[in-house]
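Scroll down for the structure; my scribbles are underneath it.
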Amino acid sequence: MPIREQWRSRWGFVFAAAGSAVGLGNLWGFAYRASEGGGAAFLLLYILIVLVVCLPVLVAEMVLGRSTGSSSLVAPAKAAGSRWGVMGWLFVIAPLGIGSYYAVLMGWTLDTFFHSLFVGLPADKTEAAAFFGSISSGGSVLIGQIISLVLTAIVVVAGVRGGIERLTRWCMPILFILLLGLAFWASTLSGALEGYKALLSWDGSEFFKPSTVRNAFAQAFFSLSLGIGIMITYASYLGRQNKLPKEAIAVASLDTAVGLLAGLMIFPIMFSFGLNESISESTIGALFIALPAGLGTIGITGRIVAVIFFALAYIAAITSSISLLEVPVSSVMDRLGWNRTKSVIGVTFLLFLLGLPSAFDINFLDKTDKIVGQLLLILGGFLLSIFLGWVIPRKFDEDLSNSNSSLRVRRYLKFMLRWVSPPIIACGFIVSLIDLFQNWSS
Ligand code: TRP
């Protein structure tokens, strides 16, 4: 058995985990879901879910990975016996499902980036829609998808230290600076105040609306890359010295900050250019139409902003897609004993095939996102909470105490994992399930 790779430093792990968390989900997903309604109620729910439910589950996932030193496929069985092997499969199937369409979204992002850079922005919404139609169908969608998969594969082949850690250490600070710059620029726009107001308007009844609840749950879990084994895998490359509760707080704070900043940037743009209706009105691709169309109306400044925005989105996306690839790759390496290169090639090809239906049919992409990217994640979070809180609480405690987490922190986490997260996640899951099916049948 070859020795398992390890992160070079404590920050290597935090950057990689935050890199996985911060992605298209924060930039495009946050704006898209926030604009579907809810305003401040959506925001508050989202933040509450992150704090109360997701943080303990995040620690749980990390502990499972570190204490077993195994990939997500093997970890549950290793921790509690082969009966739990099925759970491991969920943690391989879900990242494959998300990875399949994530590469397609990345392809759109890349196309829009190149178009903004070399050709220019569309003159109005009709032209923007036509452009989006052209990149989201036919041959060009495949080119974007393939380039994105190949770039992701190159990083993952280079390994945990040489690829993932090296890339995320550079990308995360750059991303943060660019985003701060854009949010600042957006605050100077004429419609900025109106945009902030829309994002922050309070309407108490929204708090209990099923669609708001579903969006908040989906946003929290998807954005944190939670519930499907990413953190298990990344934490399996960790040493004892890391204090996981602290790392979890760092990752969740960075991720939430980026989501909020992105909202504070996109909403002013939308309102300044009269596009407020268009992000939520249509499909998943609306942001790719509305944003370039809006920026297109202010000449060269708009073009520069668009180039920066789509570059930033692509950087954020690639640090996430490497995590989606690493999970199945690491499972294949553990289970079949293949070497890294062979595993990466095999899994990348599989992701390409699985992504084809999404590449050619936006509705398929949308449905996969809702089933895998929302429901399965929430289910995974529920199982993890039960698993660490009830099935292997001793291991959970031991691992944290070996790495010097205080008794108070351990007690708090165990209490949350046992009594608080499971019922709340279960409610969130049921509400989301019902809301989704009602949406589909109406
Ligand atoms: N969190 C990433 C985003 O916000 C996407 C992502 C990467 C993800 N790995 C994941 C989502 C695992 C869910 C589960 O874009």
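FYI, side chains are in, hydrogens and waters are out, and symmetry mates aren't considered; it's all heavy atoms of this structure. First listed ligand is number 1; within each ligand, the first listed atom is number 1.
In this view, F387 and W84 satisfy the ring pair (Phe, Tyr, Trp, His ring centres under 6.0 Å) rule, not counting sequence neighbours. Residues satisfying the side chain to side chain donor-acceptor pair (under 3.5 Å) test with Y196, not counting sequence neighbours, are none.
In this structure, R418 forms a cation-pi arrangement with W390, its terminal cationic atom sitting closer than 6.0 Å to the ring centre and no more than 45° off the ring axis.
The contact shell of ligand 1, taken as protein residues with any non-hydrogen atom closer than 4.0 angstrom, comprises S20, A21, G23, L24, G25, N26, I98, Y102, F222, S223, S225, I228, I230, S320, S323, L324, L377.
Here the closest non-hydrogen pair linking L377 and G373 is CD1-O, 3.1 Å.
Aromatic ring orientation, W440 versus F437: perpendicular (interplanar angle above 60°, classes split at 30° and 60°).
Pairs engaging residues 240-254 under the salt bridge (charged side-chain N to carboxylate O under 4.0 Å, His left out) rule: R10-E247, R240-D399 [sequence neighbours left out].
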